[in-house]
Protein chains: 2
Amino acid sequence: MATISDVAARAGVSTATVSRALNGKSTVDPELAARVAAAADELGYRPNGPARNLRKQETAVLALIISDVENPFFTAISRGVEDVAHAAGFSVVLCNSDDDPAKEREYLDVALQERVAGVLLSPTGREEGAALLRAHATPIVALDRPLPGGGDTVLVNSGSAAKNATLHLAEQGYVRIGCLTGPSGMPTADARLNGYREGLEAAGLADLGLVRHTEFRAAGARRAARQLLDQDEPPDALLVANNAMVVGVLETLGELGLRAGRDVGVIAFDDAPWATLLDPPLSVVSQPAYDMGSLGAQLLLRRIGGDRGEPTTRTLSAHLVARGSTERST
Amino acid sequence: MATISDVAARAGVSTATVSRALNGKSTVDPELAARVAAAADELGYRPNGPARNLRKQETAVLALIISDVENPFFTAISRGVEDVAHAAGFSVVLCNSDDDPAKEREYLDVALQERVAGVLLSPTGREEGAALLRAHATPIVALDRPLPGGGDTVLVNSGSAAKNATLHLAEQGYVRIGCLTGPSGMPTADARLNGYREGLEAAGLADLGLVRHTEFRAAGARRAARQLLDQDEPPDALLVANNAMVVGVLETLGELGLRAGRDVGVIAFDDAPWATLLDPPLSVVSQPAYDMGSLGAQLLLRRIGGDRGEPTTRTLSAHLVARGSTERST
DNA sequence: TTGTACGCGTTATCAA
DNA sequence: TTGATAACGCGTACAA
């Protein structure tokens with residue numbers, strides 16, 4: 001592949017002039033610049049990225065470490081990140097941690113090694129990973145979940161949204177409200193559970209212990225829902241902590257011949273295009289995932305740009321979308 | 001950040017020895033190797049990726065250029081790619097082309113500039129992009145859509161799957177079968193349309209011109225479905241070319257008070273977790289997206305490994321999953 | 001305004 | 001087995 005000296009030779013100038021011309025420095029004779037441009041074009045010259053990165057001691061690459069691209073919540077985040085990054089001339093390397101601390105750590109190592117300009121991380125839990133990055137002065141922004149040691153963070157008010165959702169269920173007349181949340185120890189799972197409990201209390205409802213922890217997936221939720229609903233005194237409503245899980249819950253309802261809304265109130269985190277297609281339509285807590293991604297990327301780019309201000313935490317608002325699955329009369 | 005010479009100084013050896021020790025060359029005294037490892041550990045040393053890439057004239061990075069990560073079909077592909085790449089020690093940079101040739105071209109430029117080891121591309125259409133890569137000897141694998149100039153490709157038999165889906169509708173007693181497909185000129189859209197026409201013919205049904213082209217999104221499909229169904233002689237069944245579009249179609253059915261299956265048979269490309277939650281459950285043509293990704297990555301890695309064999313095209317099979325939305329009696 | 005020459009951090013070659 | 005040294009391709013300080 002053609003190098004800068006090939007271009008220089010062809011244009012009859014020095015490599016320095018080529019570099020200057022191609023990088024748009026003003027201090028270059030227009031005629032020479034034209035010759036250089038022509039030569040570069042003819043040779044199909046592309047600056048060698050690694051060489052340039054080495055020389056400049058910086059890259060235009062962001063690492064985005066999330067649990068799973070197949071989760072619509074995270075794909076929306078990643079789309080927000082990508083759009084902002086791309087507009088600023090940055091590339092994004094995407095990493096699936098599968099919520100596995102070891103995998104997360106591994107990707108952080110790669111990010112460090114490749115000298116990425118910054119990292120967007122949805123932390124699996126209590127990490128020493130954060131310290132790792134800080135020690136190497138690589139800017140980092142936490143998404144969706146806080147970073148143990150602090151730092152720039154973009155969150156959603158999961159807890160209060162869960163509380164509101166619980167209150168909404170209570171207002172609709174449900175009295176035995178249960179909750180399916182994620183693995184205990186995972187911040188979002190815990191926040192939603194706490195919000196749920198606050199909601200029960202605020203509504204004056206007793207906590208009947210109708211709670212199950214499971215991984216954030218349909219299969220686990222299916223089992224958990226089955227357990228809860230097979231009890232002697234089953235819940236008459238469920239707050240479900242994410243989109244994948246509610247699929248399992250609704251399947252289980254179907255198997256048991258129960259109808260969402262009428263028999264069991266259902267509300268879940270994360271809206272989806274298909275939520276309105278269900279019968280009854282699914283009530284949800286809609287999270288601004290795309291905005292989280294784009295805001296996080298903006299924060300990160302500011303740091304990369306040299307901002308040394310205090311760490312900021314931005315908390316975005318989820319909002320409740322009431323549909324038929326939380327109406328008894330449905 | 002610590003460099004290799006820092007480590008060398010601390011361990012009291014030369015940089016060459018450090019390099020050898022850290023890269024596990026056998027020709028290094030165990031005791032020295034231990035000293036090096038200790039020094040590297042104490043300094044928190046990470047080899048400088050760009051420097052190494054420059055020196056080795058190769059990177060362990062794959063570029064994946066798809067139209068949109070928010071499309072579940074492509075996220076499944078990207079997950080397949082990522083898993084295989086990661087297992088082989090490669091990173092993946094993810095790019096959303098939005099089916100815009102200009103954006104695709106831009107990303108190809110970046111990929112070339114960063115000297116990625118290879119590219120996985122879902123081509124927007126008739127490209128000169130392929131030629132670009134070939135000219136620079138960067139291995140490329142086309143996913144889901146063929147590359148104009150040929151080359152390694154992983155496809156799905158969209159066309160025959162569409163034909164089967166059409167035959168299935170005909171067998172179920174539908175006689176005025178329409179088709180909503182993607183933009184004309186896009187290979188998958190055209191293949192599905194052609195398959196649909198073959199299906200009509202094989203079933204002995206007249207082609208009534210019940211075809212609409214739209215972008216692969218819900219909004220376009222909504223308008224198109226409305227147009228078709230508002231006709232004097234509307235279709236009694238629809239073959240829909242993807243998952244996002246069928247959301248628009250089903251919404252439109254709902255607005256018009258029509259029931260899938262009973263009033264209008266519906267079958268769409270791409271299965272989804274929520275397809276069975278609908279009433280009636282949605283019949284689909286299920287595509288092996290994850291496998292496409294992982295197979296594509298394997299093909300690419302083989303090329304990167306130096307395989308100079310003939311270009312291969314692998315065509316995977318989609319399969320029909322009949323559910324309630326293609327049953328008149330539902 | 002242009003050119004020469006150095007160094008970014010590694011790995012690979014060659015002698016020792 | 002080890003060390004000195006030369007690249008890899010680029011950007012930039014300095015000299016012209």
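Just so it is clear, the structure is predicted and the values come from calculations on it, not from any experiment. Reminder, nothing fancy here: chain letters follow the sequence lines and each chain counts from 1. These numbers come from the heavy atoms of this one structure, side chains and all, not from hydrogens, waters or symmetry mates.
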Ignoring hydrogens and geometry, is there a side-chain-to-backbone donor-acceptor pair from Ser97(B) to Ile66(B) under 3.5 Å? yes

For a quick test of reading the model: is some side-chain N or O of Gln57(B) closer than 4.0 Å to OP1 or OP2 of dA7(D)? no

Roughly how far, to the nearest 0.5 Å, is CG of Asn48(B) from OG1 of Thr3(B)? 9.0 Å

Check the distance between dG7(C)'s P and Arg52(A)'s CZ and give it to me in whole angstrom. 22 Å

List every contact pair, protein side and nucleotides 1-4 of chain C side both N or O, where the distance is under 3.5 Å.
residue	atom	partner	partner atom	Å
dT2(C)	OP2	Asp29(A)	N	2.8
dG3(C)	OP2	Ser14(A)	N	3.1
dG3(C)	OP2	Ser14(A)	OG	3.2
dG3(C)	OP2	Thr17(A)	OG1	2.6
dG3(C)	N7	Arg20(A)	NH2	2.7
dG3(C)	O6	Arg20(A)	NH1	3.2

Tell whether Arg55(B) reaches the base of dA7(D) with its side chain through a donor-acceptor pair below 3.5 angstrom. yes

Tell me whether Asp68(A) is salt-bridged to Arg217(A), with the criterion being a basic N under 4.0 Å from an acidic carboxylate O. yes

Go through the side-chain N and O atoms of Ser14(A) and Thr17(A) and say whether any donor and acceptor fall under 3.5 Å apart. yes

Rounded to whole Å, please give me the gap between CG in Asn48(A) and C1' in dG11(D). 13 Å

What does Arg46(B) touch in the nucleic acid at a heavy-atom separation under 4.0 angstrom: a base, only the sugar-phosphate, or nothing? sugar-phosphate

Within this structure, what is the CD-to-P distance between Glu58(B) and dT10(C), rounded to whole angstrom? 16 Å

Only pairs under 3.5 Å count here: list side-chain donor-acceptor contacts from residues 299-306 of chain B, not counting sequence neighbours, and write none if there are none.
residue	atom	partner	partner atom	Å
Arg303(B)	NE	Asp152(B)	OD2	2.5
Arg303(B)	NH1	Asp307(B)	O	3.1
Arg303(B)	NH1	Gly309(B)	O	2.9
Arg303(B)	NH2	Asp152(B)	OD1	3.0
Arg303(B)	NH2	Asp152(B)	OD2	3.4
Arg303(B)	NH2	Gly309(B)	O	3.3
Arg303(B)	NH2	Glu310(B)	O	2.9

Sugar-phosphate only, base, or nothing, as touched by Pro47(A) at under 4.0 Å among non-hydrogen atoms: sugar-phosphate

Gap between atoms CD and C1', on Glu114(A) and dG9(C) respectively (whole Å): 13 Å

Nearest whole angstrom, please: distance from the C1' of dG9(D) to the OH of Tyr45(A). 7 Å

Less than 4.0 angstrom from a charged side-chain N to a carboxylate O is my criterion; do Arg79(B) and Asp83(B) meet it? yes

Those residues at least two apart in sequence (or on a different chain) that pass ring pair (Phe, Tyr, Trp, His ring centres under 6.0 Å) with Tyr107(A) are His86(B)

Per the end-axis method with five pairs at each terminus, what is the bend angle of the helix from dT1(C)-dA16(D) to dA16(C)-dT1(D), to 10°? 40°

Could you state the atom-to-atom distance from CG of Leu22(B) to C1' of dA12(C) in whole Å? 16 Å

All side-chain contact (heavy atoms from CB on, under 4.5 Å) counterparts of Arg46(B), not counting sequence neighbours: Arg105(A), Asp109(A), Leu112(A), Arg115(A), Leu132(A), His136(A)

Looking for any heavy atom pair under 4.0 Å, which part of the strands does Thr3(A) touch: base, sugar-phosphate only, or nothing? sugar-phosphate

Between atom CE in Met1(A) and atom P in dC8(D), what is the gap in whole Å? 15 Å

Given that Leu54(B) and Lys56(A) both sit by DNA chain D, which one's nearest nucleotide is further toward the 5' end? Leu54(B)

Inter-residue atom distance Met292(A).CE - Asp144(A).CG, 0.5 Å rounding: 4.5 Å

Distance in angstrom units between Lys25(B) NZ and dG3(D) P, rounded: 17 Å

What is the nucleic acid contact for Asn53(A), judged by heavy atoms within less than 4.0 Å: base, sugar-phosphate only, or nothing? nothing

Looking at residues at least two apart in the chain, or sitting in another chain, which of them share a salt bridge (charged side-chain N to carboxylate O under 4.0 Å, His left out) with Asp100(A)? none

